[in-house]
Amino acid sequence: MTIVPNIQTSIDPIKLEKLGEVAVKVGLGLEKGQDLVITAPIAALPLVRFITKHAYMAGAGLVSAFYSDEETTLARYQHAPDASFDKASNWLYEGMAKAYENGAARLAIAGDNPMLLSGQDPAKVARANKANSMAYKPALEKIANFDINWNIVSYPNPSWARQVFPDLPEDAAVAKLAEAIFAASRVNVADPVAAWAEHNANLRKRSTWLNGERFAALHFTGPGTDLTVGLADGHEWHGGASTAKNGITCNPNIPTEEVFTTPHALRVEGHVSSTKPLSHQGTLIDNIQVRFEGGRIVEAKASKGEEVLNKVLDTDEGARRLGEVALVPHSSPISASGILFYNTLFDENASCHIALGQCYSKCFLNGASLTQEEIKAQGGNSSLIHIDWMIGSDKVDIDGIKPDGSKVPVMRRGEWA
């Protein structure tokens, strides 16, 4: 007998279907005849089914879904031979890269237990992550360079809900996480597609103002933070909907509250402290403190997960440099919820943040026409990783620094100035 997950009674099926519809229409902007590649935890099968339904209703050519399972992931760490942790499914990622080359869209459903690997050997976790990152790079480049339309949404997996709300019974935890996801994803309203159009317009106003200012750098000051982030030459700010190189407008992240651009990989100076924990591959990394010289992290500490943090920073040369800087008001709905999601897709939208590693070529003027060499020459970073962590709060101020050294207030106490 085959047992498949059903929608838990604590998850509103109407809102879940709306999330699936928004993922297809707003997140992907899926076009008729376009194939779709989905990755998801097996617990998210109910959402995959709604997404698949709406993808075919939108005229999708072929929808292919690939599932992960927490128990089989743990089985590897508990029983696999040591050599297993230097291997990855290259064949699968090569196939995905080929699908994207042929025009397929990409949709990822997040929702795994963020602490799944917290009890496993950090060295094995780091090795497996590195092998996976290397294998995934051909596909990741298609996504990071916006060759295709892509999107990430989330599903309230019970194991994730138990981490976020440990004091509640499982059904109540799932219900509360589901409603938080629906609210942040703007599907708890009568017309989510119209709500997203309005939200995208507001984010576009912010990015248009920043692009008009042409700042050379941003200066962050606050408790444990005095950081100057130089911006890449010819950088461009984006927020909300973006048009991929294939001409399709998509919302890569649902939810999203950020406007973001590319820092200059060689022009970051000073020190910065995290304002929220980073949940990375099953490890909680808390109270991160790093110091930059010449764009590179030369010192890194954390009160929790320091060993994992340093292994991440040693992934490759680009892992110690920045690939993204993003501005989010402290009053964002996700911040106002007061929930720590242990999921970067949500937590990064509660706070200004920076990302270690790979930059987005989209965040350059005429980025679609730039070669990798030109992007590097303008300050864009290259790496196997792209990991966001939060540095904003209601105690952090940000100034934009003009090329002549003059300063313009951008944020005061975490809000737009």
Side-chain angles (χ1 to χ4, degrees), residues 203-239 257-275 288-300 318 320-332 348 351-367 370 374-381 388-417:
L203 291 173
R204 196 176 306 116
K205 287 178 187 174
R206 296 293 184 192
S207 56
T208 298
W209 177 76
L210 287 161
N211 284 326
E213 292 294 327
R214 303 310 310 160
F215 293 127
L218 297 176
H219 184 209
F220 293 75
T221 53
T225 293
D226 186 351
L227 183 72
T228 301
V229 178
L231 301 180
D233 300 335
H235 69 274
E236 188 170 48
W237 289 88
H238 287 270
E257 302 290 336
E258 65 178 340
V259 289
F260 60 97
T261 195
T262 296
H264 197 293
L266 306 179
R267 299 177 190 161
V268 183
E269 302 286 345
H271 59 273
V272 62
S273 299
S274 64
T275 51
I288 300 170
Q289 297 178 11
V290 303
R291 183 166 59 85
F292 287 87
E293 288 182 1
R296 187 174 185 272
I297 293 175
V298 294
E299 184 180 359
R320 288 180 176 267
R321 300 181 186 275
L322 296 186
E324 179 189 349
V325 59
L327 305 182
V328 180
H330 181 70
S331 59
S332 84
E348 72 171 5
S351 166
C352 294
H353 54 274
I354 50 180
L356 304 170
Q358 181 66 39
C359 76
Y360 292 123
S361 63
K362 177 74 179 175
C363 293
F364 287 90
L365 295 167
N366 303 312
L370 297 177
E374 288 170 329
I375 288 170
K376 182 179 180 181
Q378 290 181 214
N381 192 34
D388 301 271
W389 52 285
M390 285 50 79
I391 65 168
S393 75
D394 57 357
K395 298 177 178 64
V396 174
D397 294 339
I398 305 171
D399 288 307
I401 303 175
K402 294 276 199 171
D404 64 2
S406 60
K407 292 187 175 184
V408 176
V410 175
M411 283 189 159
R412 288 292 180 266
R413 300 184 65 82
E415 299 299 328
W416 291 104

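Throughout, residue positions are numbered sequentially from 1 according to the sequence presented.
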Does S331 offer a backbone N or O that forms a donor-acceptor pair with the side chain of E415 under 3.5 Å? yes

Less than 4.5 Å apart, any side-chain heavy atom of E348 and any of V328? no

One should read off an interatomic distance between M411 CE and H330 NE2, to the nearest 0.5 angstrom, of 11.0 Å

Say you draw a straight line from CG of D397 to CZ of F220; how long is it, rounded to the nearest 0.5 Å? 11.0 Å

Should the pair E236-K362 be classified as a salt bridge under the 4.0 Å nitrogen-to-oxygen rule? no

Which heavy atom of H235 sits nearest to which heavy atom of F215, and what is that distance? CE1-O, 3.0 Å

Which heavy atom of P409 sits nearest to which heavy atom of W209, and what is that distance? O-CH2, 4.1 Å

Would you please test L231 and V325 for side chain to side chain contact (heavy atoms under 4.5 Å, CB included) and show each step? CA-CA 9 Å; L231 301 180; V325 59; 4.0 Å; yes

Heavy-atom closest contact (F364 atom, A232 atom, distance): CE2-CB, 3.6 Å

side-chain contact (heavy atoms from CB on, under 4.5 Å), paired with C352, selected from V410, V396, I398, T275: I398

Heavy-atom nearest pair, G294 first then E269, reads N-OE2, 2.8 Å

Is the side chain of N381 donor-acceptor paired with the backbone N or O of G318 at a distance under 3.5 Å, no angle test? yes

Side-chain donor/acceptor of S274 to backbone N/O of M390, under 3.5 Å: no

With sequence neighbours left out, write down each residue that passes side chain to side chain donor-acceptor pair (under 3.5 Å) with D226, or none if nothing qualifies. H219

Flag yes if more than 12 heavy atoms outside K402 fall under 6.0 Å of its NZ atom; otherwise flag no. yes

Indicate yes or no: at least one non-hydrogen side-chain atom of L210 is less than 4.5 angstrom from one of L327. yes

CG-NE2 distance between L227 and H271, expressed to the nearest 0.5 angstrom: 8.5 Å

Determine the sole option in L322, V290, V272, V268 for which the side-chain contact (heavy atoms from CB on, under 4.5 Å) test with I297 is passed. V290

Using atom types as modelled and distance alone, determine if a side-chain donor or acceptor of R321 lies under 3.5 Å from a backbone N or O of G380. no

Would you find more than 12 non-hydrogen atoms of other residues, nucleotides or ligands less than 6.0 Å from R413 atom CZ? no

Looking at D394 and R412, is any side-chain nitrogen of the basic one under 4.0 Å from a carboxylate oxygen of the acidic one? no

So I354 and W389, do their side chains get closer than 4.5 Å, heavy atoms only? yes

Can you list the residues that meet the salt bridge (charged side-chain N to carboxylate O under 4.0 Å, His left out) rule with E293, with sequence neighbours excluded? R291

Side chains of L365 and Q378, heavy atoms from C-beta outward: is any pair under 4.5 Å? no

Could you point out which residue of H238, R206, H353 forms a side-chain hydrogen bond (donor to acceptor under 3.5 Å, both in side chains) with E258? H353

Would you please test R267 and D233 for side chain to side chain contact (heavy atoms under 4.5 Å, CB included) and show each step? CA-CA 11 Å; R267 299 177 190 161; D233 300 335; 2.9 Å; yes

Indicate the atoms forming the closest heavy-atom contact of A355 with D388, along with that distance. CB-OD1, 3.5 Å

Shortest non-hydrogen contact from A217 to T228? CB-CG2, 4.0 Å

